[in-house]
Amino acid sequence: MTIEFNHWPLESAQRYRDKGYWLDKPLTHLLQERSQSQPDAPAIICGDRHFSYAELDQLSSNLASRLAASGLGNGDTALVQLPNIAEFYIVLFALLKSGIAPLNALYSHRKLELKSYAKQIAPTLLIASREHEVFRDDSYIADFKEVGSSPDIILLLGEQRHENNLADWINTPSESNVNVSPSGPGEVALFQLSGGSTGTPKLIPRTHNDYYYNARASAQVCELTPRTRFLCALPAAHNFLLSSPGALGVLHAGGCIIMAPSPEPLTCFSIIQRQEVNTVALVPSAVALWLQAAPEHKEQLQSLEFLQVGGACFADSLARQVPGVLGCKLQQVFGMAEGLINYTRLNDSDEQIFTTQGRPISPDDEIKIVDEQGLPVPDGEPGMLATRGPYTFCGYYQSPEQNAQAFDNEGYYYSGDLVQLMPSGDLRVVGRVKDQINRGGEKVASEEIENLIVLHPDVTHAGLVAMPDDRLGEKSCAFVVSRNPSLKPPALRRHLMELGIAEYKLPDRIRLIETMPLTPVGKIDKKHLRQLLAAETTRAWLQTRVRQLVEDCEDLDPEENLIFYGLDSLQVMRLAAELKERGIAVSFEELADSPTLSSWWSLVDARQIAA
């Protein structure tokens, strides 16, 4: 039995084999090779625990044999949720060896997401941790049954019952001889999670052939070697940390993975110093925190050589600080769980590394950048990214309607990214087409949160939009229409928490409004909501800035002439220049003509709407 998925066209598949991209070998081959060539070399360091390649191979084989002896194998699926610990990789290779396709949920996911995944793949196996809030008691069993999911086998870290204790299954092989074999190289090896713009993340089937090539090519581009000591501080299940080049790339190269519980700077700095880490992958929001903390801890970062940054747009201003502040070389990564990965190369110019997101890893990555009519845009102009290639999937799992929207008739996948092709051949990411918020690398689907907000009995409409944030890149703001005038934002956040969503999906700001702006066809007018948000943000900034410039302003009257508060012409000129830097074209003369805060608010509102 095999898992159904959308296959590559036969002609393309043969070309990828002929060119050596697809080796027709399972992902387990990379571990097998290293456990034979360097069995005693360190593969994983997790706190005080060290695992060699031979031990990683043996422990994963133990678990694979137990699963096979229990009747699981090719065609089965597993829902896995584990934190950043060595067992994540032991379980991953055990499932790959036994032909069971895992869906690795992020550890931040809660009941709502896990139930959705269980409904989609109907797992025969569930692996999780008793320390996670969903699995602290056995109520999750009833929750899963609600969506028609009853796994045959449940294994938990920290479980008291011997028969369900994951550690026991890992440490003790099957007593009987069983046939353990991975799924076919052209079949589904695992599921990845999409960023999700239409609700709970869609599932991305990745085959052994395409994902193995993904890891090998990434390791080559990133110049990984057996001396690579890679810090896994972001969620291990994330595609970036798993295969871009991630853990699979490191293991393919014979390097060592060092686990960290989170990207918190001081914890990571200590691990870097103790374990002589030389490579780390982070999202921009984590880099910003590292840049703040590093000046007082430079002695702990002496071994660090390479920082890979991906998951979200990385501001030029932050990128330029990396070599001087962190003392290492920067490599930008722009990839997607659906396939295409771009890297700046280690020998690229500083300008390429600081201002672009690199170029694809494969000569057979096909890219086109098009306008809304599907026509190619001139070089250098922004447009929608479409791609196909030897490791870019051909369709979401059991999602024909979504696939019809995401692919064109030539098989190109439209990622929802807006990009520019630079003269160097590199891509620069300039935005998103999809209704999605990228909060420090974590993707929040607007539609999912909107649908959950309107489940509140007092809410009639909800619209979620992104707002810029210096630390995370983007945060979320929910505009809500309520039939209850006394409804407050904390009640809505409590409502969402009770529904079991991940905390990073909670709106950062909630604005209660009287009516929801709609488009001519009756949809929520997100453009208008963004204008309201931009106007609100600018108004708050302008009021704060005026208060900084004038005296006696504790009770600043918006209708009062600001000259009476001590504002002078030079300060007005400075404000005009600062507004221009924020993209609002207002002249000194216009501000001076009507010097009240109320008039200025109206003026900047009009200019922002016009822009």
Qualifying residues under side chain to side chain contact (heavy atoms under 4.5 Å, CB included), relative to P363, sequence neighbours excluded: Y21, Y213

Any pair counted as salt bridge (charged side-chain N to carboxylate O under 4.0 Å, His left out), so long as it reaches residues 222-232, sequence neighbours left out: R227-E305

Partner residues of N165 under the side-chain hydrogen bond (donor to acceptor under 3.5 Å, both in side chains) criterion, sequence neighbours left out: none

Qualifying residues under side chain to side chain contact (heavy atoms under 4.5 Å, CB included), relative to S52, sequence neighbours excluded: A54, E55

Chi angles and distances behind the side chain to side chain donor-acceptor pair (under 3.5 Å) call for S243, Y211: CA-CA 8 Å; S243 68; Y211 216 53; 3.1 Å; yes

Within residues 396-413 or reaching into it, pairs that qualify as salt bridge (charged side-chain N to carboxylate O under 4.0 Å, His left out) - sequence neighbours excluded: K368-D408, K368-E410

With sequence neighbours excluded, residues passing side chain to side chain contact (heavy atoms under 4.5 Å, CB included) with S150: K145

Counterpart residues, side chain to side chain contact (heavy atoms under 4.5 Å, CB included), relative to A281 (two or more places apart): F230, F240, L241, Q308

Y396: ring-ring contact (aromatic ring centres under 6.0 Å, His included) partners, not counting sequence neighbours: F393

Salt bridge (charged side-chain N to carboxylate O under 4.0 Å, His left out) pairs, two or more places apart, involving residues 64-88: R49-E87

Carboxylate-amine/guanidinium proximity below 4.0 Å for E366 and R388: yes

Enumerate, atom names and distances included, each donor-acceptor pair closer than 3.5 Å involving a side-chain atom of residues 37-46, sequence neighbours excluded.
residue, atom, partner, partner atom, Å
S37, OG, E33, O, 3.1
Q38, OE1, R34, NH1, 2.9
Q38, NE2, G254, O, 3.0

Other residues, nucleotides, ligands: >12 heavy atoms within 6.0 Å of N347 CG: yes

Salt-bridge criterion met for K329 and D348 (N-O under 4.0 Å): no

Salt bridge (charged side-chain N to carboxylate O under 4.0 Å, His left out) pairs, two or more places apart, involving residues 390-399: none

Heavy-atom side-chain proximity of L242 to Q192 below 4.5 angstrom: yes

Heavy-atom neighbours of L10 CG exceed 12 at 6.0 Å: no

Results of ring-ring contact (aromatic ring centres under 6.0 Å, His included) for F306 - residues two or more places apart only: none

